[in-house]
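Below: one structure, written as structure tokens.
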Amino acid sequence: MEMDLEKLKKVQIELAKRVELRPFESEVRFVVGLDVSYSRKLNKMVAAAVVLSYPSMRVVEYSWSVRDVEFPYVPTFLSFRELPAIEEAFTKLKHKIDLVLVDGQGIAHPRGLGIAAHFGVEMMVPTIGCAKSHLFGKWTMPTPKRGEWTPIIENGQVIGGVVRTRDNVKPIFVSPGNLIDVENAVKWALKLSIGYRLPEPIRLADKISRRIVNEGI
DNA sequence: GCGACAG
DNA sequence: ATCTTGTCGC
């Protein structure tokens with residue numbers, strides 16, 4: 001397969017320069033969650049985009065995209081595998097989106113461009129990365145109480161947070177994707193986490209994409 | 001050289 | 001991510 005990782009690293013480094021970390025204070029009406037599920041036998045993937053109203057937290061719209069899997073899973077290069085699908089699903093939405101949550105890292109990535117940051121700079125929309133496990137940066141375990149969080153640090157800079165979204169449940173790794181800073185990314189990841197480990201937008205996107213795969217795409 | 005390594 | 005049985009706990 002024709003894929004030059006060194007070349008792609010340069011692409012990531014260039015795109016990372018376009019990430020803007022800044023306070024996020026705009027009014028939030030609609031939030032979207034993005035996630036991808038796979039059908040191993042069909043070699044296809046399904047990306048789902050779920051729109052929730054805020055603060056009512058109701059599903060007001062959702063869309064999806066089915067694509068052939070043409071890029072392998074290589075740690076730190078996840079966006080080249082899933083971005084085509086999640087961008088297509090996102091583009092199909094009719095609502096005007098205020099904030100996006102993506103399943104994966106934001107800037108907490110070796111070259112500062114996890115899938116959430118890559119998506120954020122290409123779509124130019126406020127984006128937060130929420131990963132279920134660690135990839136990059138030094139961190140310590142936060143206390144077991146919901147709302148508690150510890151910083152993910154690299155070169156003396158806070159690039160994200162390890163966030164406890166539920167009492168005594170394994171924390172999630174949150175980092176800015178674009179147009180938001182660490183504090184606001186953590187704040188919103190918590191506000192959108194209601195009763196479950198993952199924020200509602202991402203949890204529902206996972207459920208919907210998985211259902212589409214299991215119903216025969 | 002060795003360990004780590006989103007989904 | 002997917003595959004895959006039972007099991008612990010609210």
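Small disclaimer: the values here were computed from a predicted structure and weren't measured. Throughout, protein chains are lettered first and strands after them, A, B, ... in sequence-line order, and every chain is numbered starting at 1.
- Within the 4.0 angstrom heavy-atom criterion, base atoms lie near A:Thr76.
- The residue A:Phe77 sits close to a base: some heavy atom pair falls under 4.0 Å.
- Taking the ring centroids of A:Phe173 and A:Trp149, they lie at or beyond the 6.0 Å cut-off.
- The phosphate of B:dC5 has neither OP1 nor OP2 within less than 4.0 Å of any side-chain N or O from A:Ser133.
- Summarising the geometry, the separation between CZ on A:Phe71 and C1' on B:dG7 is reported as 13 Å, rounded to the nearest angstrom.
- Expressed to the nearest 0.5 Å, how far CG of A:Leu198 lies from CG of A:Asp103 amounts to 7.0 Å.
- For the pair A:Arg210 and A:Tyr38, the cation-pi test (distance below 6.0 Å, angle within 45°) is failed.
- Here A:Tyr38 does not reach the OP1 or OP2 of B:dG7: none of its side-chain N or O atoms lies under 4.0 Å away.
- As a whole-Å value, the separation of A:Asp35 CG from B:dG7 P is 9 Å.
- Atom C1' of nucleotide C:dT4 and atom CZ of A:Arg210 are separated by 14 Å, given to the nearest angstrom.
- Using the six-membered ring where Trp is involved, A:Phe80 and A:Phe71 have ring planes that are tilted, between 30° and 60° apart.
- Here C:dT2 presents its C1' atom at 19 Å from CZ of A:Arg211, a figure rounded to the nearest Å.
- Rounded to whole Å, atom P of B:dA6 lies 6 Å from atom CG of A:Leu135.
- Residue contacts for A:His109: at a heavy-atom cut-off of 4.0 Å it reaches a base atom on one of the strands shown.
- The distance between atom NZ of A:Lys9 and atom C1' of B:dC5, rounded to the nearest whole Å, is 13 Å.
- Here B:dA6 presents its P atom at 16 Å from CG of A:Leu198, a figure rounded to the nearest Å.
- With centroids closer than 5.5 Å and planes inclined by less than 30 degrees as the test, A:Tyr73 and the base of C:dA1 fail to qualify as a stacked pair.
- One finds a side-chain N or O of A:Lys132 lying less than 4.0 angstrom from the OP1 or OP2 phosphate oxygen of B:dG7.
- Between A:Arg81 and B:dA6 there is no side-chain polar atom (N or O) within less than 4.0 angstrom of OP1 or OP2.
- Atom CG in A:Leu34 sits about 20 Å away from atom P in B:dA6, given to the nearest Å.
- Residues A:Phe119 and A:Phe90 bring their aromatic ring centres within 6.0 Å.
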